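As structure tokens, the structure follows; a few thoughts come after it.
From a predicted model like this one, the values you see are computed outputs, not experimental measurements.
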Amino acid sequence: MTTFDYVIVGAGSAGCVLADRLSASGLHSVLVLEAGGSDRRFYIQMPLGYGKTFYDKTVNWLYTTEPDPGLNGQRDHWPRGKVLGGSSSINAMVYIRGQAADYESWRAAGNPGWGWDDVLKAYKAMEDVETGDTAWHGLGGPLHVSDPSTAVHPMTKDYIKSCEAVGLKYNADFNGETQEGTGIYQTTTKGGVRLSAARAFLRPAMKRVNVRVRTNCLVTRLLFEGTRATGVEYEQDGQTKQVKAMREVILAGGAVNSPQLLQLAGIGPAELLQKHGIAVRVANANVGHNLEDHVGINYTYRMKVPTLNDELRPWWGKLKVGLQYILFRSGPLSLSINHGGGFFRTNPTYAQPNMQLYFQAFSTLKPKVGERPILSPDPFPGMSIGLSNCRPSSRGHITIRSANPKDHPSIVGNAFSTEHDIREMLEAVKFIRRIAAQEPLKSLIAEELRPGPAVQSDADLVHDFKQRSGTVYHPSCTCRMGPAPETSVVDPRLRVHGIQGLRVCDASVFPNLIAGNTNAPAMMVGWKGAEIILDDAR
């Protein structure tokens, strides 16, 4: 058995940041255990290559949910990163921090130190933002955030003008003073290459003598002495190994793996643990529950003018953009597929935007599972306008299927399980059509392909979005933080209630889901979590 001060389970968005910050002083030894392998892969580093990793079992856990009544009984596909960088190595790279009100609600729920002013300091410390707006952003941090506004498809400007025609103001920075409006997304890229948490934080940390990263290590068991976590057991290359944590074990496996490991360790709903023959160490019904996730849908159009389909579909187009990327790290392959977007309110009485928009000068009338042909789109000019809910009221849960750590847990998404979520999605899809009906998009659209003009009644629109919606890959809150074990899993300092030497530090600790993409908040939790851990160590 080897020994380190801190053992981090998971090299994802938060785990990579933790490894960097906990080791920076050189005073502490850090071990990172990652179930996946190296991120040194072409389709990970090339931004638009994430279509190739969407169903790639070598870098992806490939989770599948239980049949969901809210999705007309269908199972949803949940890609999660199983590689250095975690989901930041396979995501769409959109950088959104969330609204100030999101974090004020965290503080109001009994979590001091997690209000907007607190987290803004962490964001500014870790950022190096291309816009240079120091009022709201940081400069010189390890995480470069790009502004691709000069490189996006020209149709993005048409989309923005049509959004303005329905009352959305242009917003040059969704991470600035306000989130509401329409504009172009900032991304976690640098020099035309994906800037995952592994590239921004872990790779620099790996150069230090006090950091060790072990890949292809599946953690199977947490080790305890009484109520104190002392280390972990893991499998690597067919061998079972153990490692001891002199200070703490930190779970950073994300919203799926962190609650799974806690439940396997006897920390979770007592009835569930007893059902699978696991001795109850700490009975806590919140472990794996309170699951929140954003659910989204695309409306797809055939266009009268060329789109990215015309560049990415034909062989000569592939050759052109391939050479453009290989020689200059530019062109469509150097960007996210989400060039534009925005945030809006489905009801003007709401205090904050409750819906997020995504614009793609691109289309794939793809099957729901099995492939994601981003690099081989439809053989005609196409465009998509998508959206997702920012604050769903539906709640799901994640629970182990057995005491075998190799069995994927049961994921119950419970999409659209409340009337609130159904009503606001109905209002939102109607808003998409309002955008598409405005100039200049109106004159550029040949026809609506999905759901199509035959779908008009409220009942038909609801049936359609239940049939075609799915996760937008932001599961959170399954180990949420709070002051009391009756309502939470970890306290505001990320310590697991009832256990010493064990913390959770990833998106699973969100008290509630933020409005927007979750990669930035997960990294922020890693940054602030490291500050808390080091402060407690002192």
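- Each of Thr346, Thr418, Asn354 was scored for a side-chain hydrogen bond (donor to acceptor under 3.5 Å, both in side chains) with Glu424, with one residue passing: Asn354.
- In this structure, His77 has its ring center under 6.0 Å from that of Tyr55.
- The heavy-atom pair separating Gly12 from Glu34 by the smallest distance is N-OE1, 4.5 Å.
- Classification of the Tyr358-Tyr185 ring pair by plane angle, with boundaries at 30° and 60°, yields tilted.
- Inspection of the His497 and Ser488 side chains reveals an N or O donor paired with an N or O acceptor under 3.5 Å.
- Side-chain N/O atoms of Tyr234 and Gln236 include no donor and acceptor closer than 3.5 Å.
- Once rounded to the nearest 0.5 Å, the distance linking CG of Asn216 with NZ of Lys82 reads 8.5 Å.
- Salt-bridge check for Glu292 with Arg395: passed, with a basic side-chain N closer than 4.0 Å to an acidic carboxylate O.
- There is a side-chain donor-acceptor pair under 3.5 Å between Ser393 and Asp421.
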Please report the C-alpha distance between Thr2 and Arg214 in whole Å, then the side-chain angles of each, then the deciding distance to 0.1 Å, and finally whether the side chain to side chain contact (heavy atoms under 4.5 Å, CB included) criterion is met. CA-CA 13 Å; Thr2 53; Arg214 296 176 186 168; 3.7 Å; yes
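- Looking only at distances, no side-chain donor or acceptor of Asn338 sits under 3.5 Å from a matching main-chain atom of Gln360.
- Counting only heavy atoms from C-beta outward, the side chains of Pro142 and Trp527 approach each other to under 4.5 Å.
- Between Phe174 and Phe343, the distance from one ring center to the other falls under 6.0 angstrom.
- Remark: the Thr471 side chain and the Asp76 side chain contain no N/O donor-acceptor pair separated by less than 3.5 Å.
- Salt bridge Arg450/Asp464: absent, no basic N to carboxylate O contact under 4.0 Å.
- Note that CG of Asp536 and CZ of Arg247 are 10.5 Å apart. Values are rounded to the nearest 0.5 Å.
- Panel note: side chain Ser394, backbone Ala415; no donor-acceptor pair is recorded below 3.5 Å.
- Side chains of Asp506 and Ser508: a donor-acceptor N/O pair is present below 3.5 angstrom, by distance only.
- A 4.5 Å side-chain heavy-atom check between Leu502 and Ile267 finds at least one atom pair inside the cut-off.
- Nearest heavy atom pair, residue Ser38 against residue Arg203, reads OG-NH2, 3.6 Å.
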Where do Arg480 and Val489 land on the side chain to side chain contact (heavy atoms under 4.5 Å, CB included) test, with the steps shown first? CA-CA 6 Å; Arg480 69 179 180 182; Val489 177; 5.5 Å; no
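- Using a cutoff of 4.0 Å between basic side-chain nitrogens and carboxylate oxygens, Glu235 and Lys241 are not scored as salt-bridged.
- Nearest heavy atom pair, residue Asn111 against residue Pro511, reads ND2-CG, 3.6 Å.
- Here the straight-line distance linking atom CD1 of Ile297 with atom OG of Ser388 works out to 11.5 Å at 0.5 Å rounding.
- The aromatic rings of Tyr63 and Trp61 lie parallel to each other, with less than 30° between the two planes, well short of the 60° mark.
- In this structure, the separation between CD on Gln239 and SG on Cys217 is 10.5 Å, given to the nearest 0.5 Å.
- Note: Trp106 and Phe510 have tilted aromatic rings, judged against thresholds of 30 and 60 degrees for the angle between ring planes.
- For the 3.5 Å distance criterion, the side chains of Gln260 and Arg401 fail to qualify, holding no donor opposite an acceptor.
- Of the inter-residue distances, the one linking Leu48 atom CG with Ile337 atom CD1 reads 5.0 Å to the nearest 0.5 angstrom.
- Side-chain atoms of Thr187 and Ser146 form no donor-acceptor pair, as typed in the model, at a separation below 3.5 Å.
- Using cut-offs of 30° and 60° for the angle between ring planes, the Phe416 and Phe465 rings count as tilted.
- When atom types are taken as modelled, the side chain of Asp102 and the backbone of Ala515 share a donor-acceptor pair closer than 3.5 angstrom.
- Closest of all the heavy-atom pairs between Ile96 and Gly516 is CG2-CA, 3.8 Å.
- With respect to Asp39 and Arg194, no salt bridge is recorded, no charged nitrogen being found less than 4.0 Å from a carboxylate O.
- Taking 4.0 Å as the cut-off between side-chain N and carboxylate O, Glu248 and Arg503 count as a salt-bridged pair.
- The residues Asp20 and Arg208 are annotated as salt-bridged, a charged nitrogen and a carboxylate oxygen being separated by less than 4.0 angstrom.
- Contact annotation: the side chain of Glu419 approaches that of Ile422 to within less than 4.5 Å [non-hydrogen atoms, C-beta and beyond].
- The residue from Ile514, Val145, Val119, Leu120 that alone fulfils the side chain to side chain contact (heavy atoms under 4.5 Å, CB included) condition with Arg97 is Leu120.
- Using modelled atom types, one side-chain atom of Asn284 and one backbone atom of Asn286 make a donor-acceptor pair closer than 3.5 Å.
- Asn519 and Asn517 share no donor-acceptor pair across their side chains, judged by distance under 3.5 Å alone.
- Look at Arg75 and Asp68 and you find no salt bridge, because none of the NZ, NE, NH1 or NH2 atoms lies under 4.0 Å from a carboxylate O.
- Scanning all heavy atoms of the two residues, the minimum distance from Gly529 to Leu494 falls at CA-CD1, 3.7 Å.
- The backbone N or O of Ser402 sits nowhere less than 3.5 Å from a side-chain atom of Asp407 that would complete a donor-acceptor pair.
- Remark: Arg281 is positioned above the aromatic ring of Phe224, its terminal NZ or CZ atom under 6.0 angstrom from the ring centre and at most 45 degrees off the axis.
- Here Glu127 does not pair with Lys124 in a salt bridge; the nearest charged N to carboxylate O distance is not below 4.0 Å.
- Taking a 6.0 Å sphere around NZ of Lys121, one finds it holds 12 or fewer heavy atoms contributed by other residues, nucleotides or ligands.
- At a threshold of 4.0 Å, the pair Asp56-Lys52 does not count as salt-bridged, since none of the basic side-chain nitrogens sits closer than that to a carboxylate oxygen.
- Contact check on Asp118 versus Arg107 returns a salt bridge, with a Lys/Arg side-chain nitrogen under 4.0 Å from an Asp/Glu carboxylate oxygen.
- Atoms OG1 and CG, on Thr189 and Leu195 in that order, are 7.5 Å from each other to the nearest 0.5 Å.
- Ring geometry for Tyr123 against Trp116 counts as tilted: the plane angle lies between 30° and 60°, on a 0 to 90° scale.
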Begin from the C-alpha positions of Phe54 and Ile90 and carry the test side chain to side chain contact (heavy atoms under 4.5 Å, CB included) through to its verdict. CA-CA 7 Å; Phe54 198 69; Ile90 66 169; over 6 Å; no
